[in-house]
Number of protein chains: 2
Amino acid sequence: MKSGPIDPLVCPISYTVSIVRGKWQWVILWLLYTEKVQRYGELKKRLPTISHKMLSQQLSSLEQEELIHREEYPQIPPKVEYSLTEKGKTMIPVLEIMAEWGRRYSSQA
Amino acid sequence: MKSGPIDPLVCPISYTVSIVRGKWQWVILWLLYTEKVQRYGELKKRLPTISHKMLSQQLSSLEQEELIHREEYPQIPPKVEYSLTEKGKTMIPVLEIMAEWGRRYSSQA
DNA sequence: CTGGATCCAGCCAGATACTG
DNA sequence: CAGTATCTGGCTGGATCCAG
């Protein structure tokens, strides 16, 4: 899952899935899209089955891809807010259509 | 990556990514969409970096989800053709928009 | 040609403990 | 609260061999 895209000309999708890796990153993007801004703990609460470490890693990865923005407030106790970047917002049409598919076909499973 | 979706109401995307798992399955769906019908060997040739085992597994998984159809011709040497099912074709809008994102942003990377 | 079965190294995710 | 560090068991994917 970590090697680069195949051949963007043959398969432009391979680039997309090399930027957003795995199910968690899609889910996190969706939450930041629908909730606008979320603190670390809020995300964790909405994802009961994700481990602490996983969430950190995926957030960090998304931040490196510049899809999400991390705003840290230097205070005690710490407070960190995550939100979509402008680049991240370009993913919204993708998120929407994936969600639409999910809504439509999860019911007739 | 294998546990079920979170909560479809909170996150309908989680269902979608629980059906299509990992980068390879997206790539394979894309190839079957653009090429209509592909033999096992053709897919393998188009995916130089996928291993034999991986390709088999992913195809099998997609078949179980009823997203692709496996047509076996009982002859020597064997011939097997893969194509999208009707359910698989419902994924086309998703594939298209993911591909569009890839085309647009892979160039300015 | 299209797979399945097996072996095995390497990665990965979970648990736990620690920090600012 | 929001992470990071470490350890470890288990899973995964690659390579190889076998079969119809």
Exercise. Given atom NZ of A:Lys23 and atom C1' of C:dC12, what is their separation to the nearest angstrom?
Worked result: 16 Å

Problem set entry | Whole-Å gap separating P (C:dC12) and CG (A:Leu55) | 18 Å

Exercise. Taking atom P of C:dG3 as reference, at what distance in whole Å does atom CD of B:Gln58 sit?
Worked result: 14 Å

Exercise. Can you list the residues that meet the salt bridge (Lys or Arg N to Asp or Glu O under 4.0 Å) rule with A:Lys87, with sequence neighbours excluded?
Worked result: none

Exercise. Just how far, in rounded Å, is P of D:dC1 from CG of A:Leu59?
Worked result: 16 Å

For this session: Classify the ring geometry between A:Tyr15 and B:Trp101 as parallel (under 30°), tilted (30 to 60°) or perpendicular (over 60°).
Result: parallel

For this session: Please check the phosphate of C:dC1 (OP1 and OP2 only) for any side-chain N or O of B:Arg39 closer than 4.0 Å.
Result: no

Exercise. When you look at A:Arg104 and A:Glu100, which way does the salt bridge (charged side-chain N to carboxylate O under 4.0 Å, His left out) test go after all the steps?
Worked result: CA-CA 6 Å; A:Arg104 182 170 302 170; A:Glu100 189 184 340; 3.1 Å; yes

For this session: Quick one: do A:Ile50 and A:Leu43 satisfy side chain to side chain contact (heavy atoms under 4.5 Å, CB included)? Show the steps, please.
Result: CA-CA 10 Å; A:Ile50 198 174; A:Leu43 289 171; over 6 Å; no

Exercise. For A:Leu47 and C:dG14, what is the distance between atoms CG and P respectively, to the nearest whole Å?
Worked result: 12 Å

Exercise. Do the side chain of A:Gln25 and the main chain of A:Arg21 share a donor and acceptor less than 3.5 angstrom apart?
Worked result: yes

Problem set entry | Interface with DNA chain C, restricted to residues 70-78 of chain B and to heavy atoms under 4.0 Å | B:Arg70, B:Pro77, B:Pro78

N/O-N/O pairs, protein side and nucleotides 4-6 of chain D side, under 3.5 Å:
from: D:dT4; atom 1: O4; to: A:His52; atom 2: NE2; distance (Å): 3.4

For this session: Could you check if a side-chain atom of B:Ile28 sits within less than 4.5 angstrom of a side-chain atom of B:Leu47, using non-hydrogen atoms only?
Result: yes

Exercise. Whole-Å distance between D:dA15 C1' and B:Lys44 NZ?
Worked result: 12 Å

For this session: Please state how far atom CD in A:Glu42 lies from atom C1' in D:dG3, giving the value in whole angstrom units.
Result: 16 Å

Exercise. Would you say B:Leu84 and B:Val37 are hydrophobically clustered, going by side-chain heavy atoms of ILVMFWY under 4.5 Å?
Worked result: no

Exercise. With respect to the side chain of B:Met54, which nucleotide from C:dG14, D:dG13, C:dT2 is positioned closest?
Worked result: D:dG13

Problem set entry | Between D:dG3 (P) and A:Leu62 (CG): distance, integer Å | 13 Å

Problem set entry | Salt bridge flag under 4.0 Å for residues A:Arg70 and A:Glu81 | no

Exercise. Would you say the side chain of B:Met54 lies within less than 4.5 Å of the side chain of B:Trp24, judging by non-hydrogen atoms?
Worked result: yes

